[in-house]
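Written out below as C-alpha cells is the structure these notes cover.
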Amino acid sequence: ESWPESATDGYFGGGRQPNPPGGIPGKVEKLDFSTETCSLPSNKLSKARRSLAAVSSNSYGYFGGGYEIRPDLSPSFNVLDTIDRLDFSNETTSLPGNNLPERRYALGAVSSSSYGYFAGGGGFSPPTGLIDRIDFSNETTSAPGNNLPLNTWSTSAVSSGSYGYFGGGVSFPPPPPTRTISATVDRLDFSSETFSAPGNNLSQARELLSAVSSSSYGYFGGGYTTPPQTYYDTVDRIDFSNETTSEPGNNLPVGLSDGAACSSSSYGYFGGDRKSVK
C-alpha cells in the first residue's frame, strides 16, 4: 500500500560537490521519470549538508539529519537534527518544526504508508541504533522504542508494503571500539515496529550503499569497504515474497559509494559519487 505508483518525479537533496573542494550544496535536484531529465527547482534545503537521509509520504518528502561545514567551528563541521519538508505539489521547501530528537549523520531511512523511520547514524556522541519516527499525518517525531539490533551507520533501506529492510553499513557490537562492516539485513515490521533478522543477508559486507524498491523487490547497489579501499558495483536483490536475497547478475556500470537513489514504478535510479571498481 505504500508503493508510489503515481510518482512522476524523484528528488535528490543536499550532498557534497567537488568544486569548490568540500563544498556542500543545499540544492534539491529533480529527476523527471517520464523523460529522465534532471532540473533544479528554485527551492533549496534550509542548510547545505551531506550524509542526510530522506523519507516520503504521498504529499511530502522529508530530509533529516546530516552535517554542515562550519569553518568557524573546531572541528569545522556541525551535526544537525534538522528536518526539511519538500511539498511535491509546488516543490517548495519549509521547516515543519519538529526535528530529530538527536543530532546525527550517516543514518538510513525507510517509509511505510503512515510513518517515516530514521535509523542509526552518529554525531558528537558514539554511533547509535536509535530509530526516530515521523508521523505523516501530523509531522510529529517520536521514538517507537525498538531500535536497530546494533549501533549502525552508513546503512541503506528498502521497503515493501509491510516491512522495511536495512542492509549493510558499519556496525559497532560491544565492547567499543569494535567496528565491523556488515552484510546483515535487519527487518522492521511496520505493524509492530519490532526488528528481526530474516536470515538472508547481502552477498558482500559493505557500507555507503544505496537502495531502490519495486513492488516486488528491493535492490541494494554499490558500496564501499576499507581496508583495502574497495568500491563495489554489486547489486543484491531481496525478494519481498520470501525474503531471500540473490544477485540478479546485472551490476552497476561502475563502483558507487556515498550516493543516493530513488524509484519510479518501473525503474530505480542511483545517483551521486561514483568511483572506479577496484
Notebook entry, point to check: With clusters built from Ile, Leu, Val, Met, Phe, Trp and Tyr whose side-chain heavy atoms come within less than 4.5 Å, directly or transitively, what are the remaining members of the cluster of Leu150, listed by chain and number?
Noted result: none

Margin query: Under 4.0 Å between a side-chain nitrogen and a carboxylate oxygen: does that hold for Arg50 and Glu68?
Written below: no

Margin query: Please enumerate all residues that pass ring-ring contact (aromatic ring centres under 6.0 Å, His included) together with Tyr11, with sequence neighbours excluded.
Written below: Phe88

Next item on the list: Check salt bridge (charged side-chain N to carboxylate O under 4.0 Å, His left out) between Asp81 and all other residues, then give those that pass, not counting sequence neighbours.
Entry: none

Checklist line | Fellow cluster residues of Tyr62, listed by chain then number, with links counted only when side-chain atoms sit under 4.5 Å apart | finding: Val55, Tyr60, Ile83, Leu100, Leu107, Phe118, Ile134, Phe136

Margin query: As a test of understanding, state which of Thr234, Thr230, Thr225 forms a side-chain hydrogen bond (donor to acceptor under 3.5 Å, both in side chains) with Gln204.
Written below: Thr234

Check: Should we say atom CG of Asn242 is surrounded by more than 12 heavy atoms from elsewhere, each under 6.0 Å from it?
Finding: yes

Note to self: Distance check, rounded to the nearest 0.5 Å: Asp84 atom CG versus Lys44 atom NZ?
What the structure shows: 13.0 Å

Note to self: Give me the atom names and distance for the closest heavy-atom approach of Pro149 to Asp186.
What the structure shows: CG-OD1, 3.6 Å

Next item on the list: List for me each residue that meets ring-ring contact (aromatic ring centres under 6.0 Å, His included) alongside Tyr117, sequence neighbours excluded, and say none if there are none.
Entry: Phe190

Check: What salt bridge (Lys or Arg N to Asp or Glu O under 4.0 Å) pairs are there with at least one residue in residues 155-166, not counting sequence neighbours?
Finding: none

Item checked: Closest contact, heavy atoms only, Leu148 versus Ala119 -> CD1-CB, 4.0 Å

Note to self: So if I apply the side chain to side chain contact (heavy atoms under 4.5 Å, CB included) rule between Phe63 and each of Arg49, Arg85, Lys47, which one comes out positive?
What the structure shows: Arg49

Note to self: Taking salt bridge (charged side-chain N to carboxylate O under 4.0 Å, His left out) as the definition, give me every residue that meets it alongside Glu247, ordered by chain and number, with sequence neighbours left out.
What the structure shows: none

Checklist line | Pairs meeting criterion salt bridge (Lys or Arg N to Asp or Glu O under 4.0 Å) with involvement of residues 195-212, two or more places apart | finding: Arg179-Glu207, Arg206-Asp236

Item checked: Taking every non-hydrogen atom, the tightest pair across Ser76 and Pro71 -> CB-CA, 4.1 Å

Checklist line | Any residue meeting salt bridge (charged side-chain N to carboxylate O under 4.0 Å, His left out) with Lys30, in chain and number order, not counting sequence neighbours | finding: Glu91

Item checked: Residues that Tyr217 engages under ring-ring contact (aromatic ring centres under 6.0 Å, His included), provided they are two or more places apart -> none

Margin query: Can you list everything that forms a salt bridge (charged side-chain N to carboxylate O under 4.0 Å, His left out) with Arg237? Sequence neighbours excluded, please.
Written below: none

Next item on the list: Tell me, please, which residues at least two apart from Thr93 pass side-chain hydrogen bond (donor to acceptor under 3.5 Å, both in side chains).
Entry: none

